[in-house]
**Q** 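The following block contains the structure, expressed as structure tokens.
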Number of protein chains: 2
Amino acid sequence: MSVQERKQRERAQRERLIVATARELAEQQGWDAVTTRRLAERIEYSQPVLYSHFRGKREIIGAVALQGASEMAVAMRAATAAADGPRARVTALARAYLAFAERHPAVYDALFQLDGGLAYAQEDTPEPLKDAFAALLECLSEVAGDGVRPELFTETFWASLHGLATLTRAGRLPPEDTERRTELLVDRLAML
Amino acid sequence: MSVQERKQRERAQRERLIVATARELAEQQGWDAVTTRRLAERIEYSQPVLYSHFRGKREIIGAVALQGASEMAVAMRAATAAADGPRARVTALARAYLAFAERHPAVYDALFQLDGGLAYAQEDTPEPLKDAFAALLECLSEVAGDGVRPELFTETFWASLHGLATLTRAGRLPPEDTERRTELLVDRLAML
DNA sequence: CTCGCTTGTCTAGCGATGCTAGGATCGAAT
DNA sequence: ATTCGATCCTAGCATCGCTAGACAAGCGAG
């Protein structure tokens, strides 16, 4: 059986290569540049190989999104853990979120802008996505305020951050005042 | 010269037809279904005619966006005008914004999600876009709070609404609690 | 060690996309 | 009536996501 196991390992390895390459290409030149042909060429296999791993481009985007969700959760937890007091924690969370969106725009798009064929806010939502939301929830629960469901507050706060992130990156908002807008959001939304 | 004028009128008429048809098609089947071929077929002209009016698909999206911006401004002003007191006005504004996004998803996408080749938040920003922002600003200025620039507050509030709108429509947020999230946003962000 | 067969990969191609070149046609002006 | 310019369409290019079918490599059986 060792032969089959080796093949399986190699296959898994190649799948990781596909996802990593897709992500890299997307970060370098945007998701529009991630065509199945270019991707196949970069991993030095032919196009149909991609389809033996994923149903299509959509699933590749989904795979990048899941990877990104895990990283985002780690980044947010690290940021909040290093902060003292509820207010500092929320500020750190917001900054970490926006920094992630800015530093990894392609991953952020895979997560929240594009269709990766993933289920959100349901029972069958993939674990990394649930965990990323949980990371938000952990920090924001303590500032939701009385009579407000922590989940509801987290959703609202998250949506606000998402709006800032996307509008800024699309050039709809001047980037200079990002920090001030973030402060305003934290000051007003969080009950301290 | 009357002949030329007639031709010019007909040309303008056809241009409006293109924009209206593109918008209709986008609302019916999404922007992905708006291909230059389908669009050309619907207006009963050949493809290249589209390119004698617009540089490309992008500019058509832009034209729909401008139309939408004007309508959105009207809708928001109508909503705020019918409300008594600052709090009711802001609530009405938020509801009108989200309702517009929900009722005209394709137009909303053209405005804030897709690339219509338009300049935002600059001097050469088209008038309809400036006016839509102005409509937000008019209502939100009175609740920005002391020491907060009205523009900055408006941008932040707008971003929050945008986040709610997009995440809800993309299935990232359960739609049931939209109203409660809106209330939360108004209650916390606006200084009443 | 050889042979057949499964498994895996590649070449080639399909329909569709945005966009454009070049010829045909139609109408206005002389 | 004829010329000439504007207007429009046919046809085509490169590229897209995706797939069918041929081909080869490597396995287990005899």
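We name chains A, B, ... by the order of the sequence lines, and we start the count at 1 in each one. Small disclaimer: the values here were computed from a predicted structure and weren't measured.
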**Q** Which ones in residues 15-39 of chain B lie close to DNA chain D, meaning a heavy atom under 4.0 Å from one of its atoms?
**A**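 Heavy-atom contacts with DNA chain D come from B:Arg37.
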
**Q** Roughly, in whole Å, what's the span from CG in B:Leu50 to C1' in C:dG18?
**A** 11 Å

**Q** Let me know the distance between CZ of B:Arg6 and C1' of D:dA6, rounded to the nearest Å.
**A** 13 Å

**Q** Listing request: all salt bridge (Lys or Arg N to Asp or Glu O under 4.0 Å) pairs with a residue in residues 98-120 of chain B, at least two apart in sequence or in separate chains.
**A** B:Arg58-B:Asp115, B:Asp109-B:Arg169

**Q** Do any N or O atoms from the side chain of A:Lys130 and from the backbone of A:Glu123 form a donor-acceptor pair under 3.5 angstrom?
**A**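 Here the side-chain-to-backbone pair exists.
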
**Q** Report the distance from atom CD1 of B:Ile43 to atom P of D:dC9, rounded to the nearest whole Å.
**A**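 Spelled out: CD1 on B:Ile43 to P on D:dC9 is 9 Å.
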
**Q** Using side chain to side chain donor-acceptor pair (under 3.5 Å) as the criterion, point out the one residue from B:Glu10, B:Arg16, B:Glu15 that pairs with B:Gln13.
**A**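 It is B:Arg16; the other options fail the test.
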
**Q** Does B:Thr168 use its side chain to pair, donor to acceptor, with the backbone of B:Ala165 at less than 3.5 Å?
**A** no

**Q** How far does the helix from C:dC1-D:dG30 to C:dT30-D:dA1 bend, going by the axes of its first and last five pairs, to the nearest 10°?
**A** 20°

**Q** Taking the six-membered ring for Trp, is the centroid-to-centroid distance between B:Tyr97 and B:Tyr108 below 6.0 Å?
**A**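 Ring-ring flag for B:Tyr97/B:Tyr108: true, centres closer than 6.0 Å.
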
**Q** Nearest 0.5 angstrom please: B:Ile60 CD1 to B:Thr36 OG1, how far?
**A** 8.0 Å

**Q** In whole angstrom, give the distance that lies between atom CD of B:Gln13 and atom P of D:dT7.
**A** 17 Å

**Q** Report yes if some heavy atom in the side chain of B:Val90 is under 4.5 Å from a heavy atom in the side chain of B:Phe157; otherwise report no.
**A** yes

**Q** Could you list, one pair per line, each protein nitrogen or oxygen that sits under 3.5 Å from a nitrogen or oxygen of nucleotides 7-11 of chain C, together with the distance?
**A**
unit_1, atom_1, unit_2, atom_2, d
C:dT9, OP1, A:Arg14, NH1, 2.8
C:dT9, OP2, A:Arg14, NH1, 3.4
C:dT9, OP2, A:Arg14, NH2, 3.0
C:dC10, OP2, A:Ser46, N, 3.0
C:dC10, OP2, A:Ser46, OG, 2.8

**Q** Centre of A:Tyr45's six-membered ring, under 6.0 Å away, within 45 degrees of the axis: is that where NZ or CZ of A:Arg14 sits?
**A**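 Yes - A:Arg14 lies over the ring of A:Tyr45, closer than 6.0 Å to its centre and within 45° of its axis.
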
**Q** Mind listing the residues from residues 55-68 of chain B sitting with a heavy atom below 4.0 Å of DNA chain C? Number order is fine.
**A** B:Gly56, B:Lys57

**Q** Distance-only, no hydrogens or angles: does the B:Arg89 side chain make a donor-acceptor pair with backbone N or O of B:Asp84 under 3.5 Å?
**A** no

**Q** Is the backbone N or O of A:Ala106 less than 3.5 Å from a side-chain atom of A:Trp31, with the two atoms forming a donor-acceptor pair by type?
**A** yes

**Q** In whole Å, I'd like the distance from the OH atom of B:Tyr51 to the C1' atom of D:dC13.
**A** 13 Å

**Q** In whole Å, I'd like the distance from the CZ atom of B:Phe54 to the C1' atom of C:dT20.
**A**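 One finds 18 Å between C1' of C:dT20 and CZ of B:Phe54, rounded.
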
**Q** Which pairs would a plain distance check flag for residues 143-156 of chain A, meaning a side-chain donor or acceptor within less than 3.5 Å of a matching protein atom at least two apart in sequence or in another chain?
**A**
unit_1, atom_1, unit_2, atom_2, d
A:Thr154, OG1, A:Pro150, O, 2.8
A:Glu155, OE1, B:Arg181, NH1, 2.3
A:Thr156, OG1, A:Leu152, O, 2.8

**Q** Tell me whether A:Arg23 contacts the main-chain N or O of A:Ile61 through its side chain, where contact means a donor paired with an acceptor under 3.5 Å.
**A**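 Absent.
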
**Q** Does B:Arg172 reach the main-chain N or O of B:Leu167 with its side chain, forming a donor-acceptor pair under 3.5 Å?
**A**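 No, because the side chain of B:Arg172 does not come within donor-acceptor range (under 3.5 Å) of the backbone of B:Leu167.
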
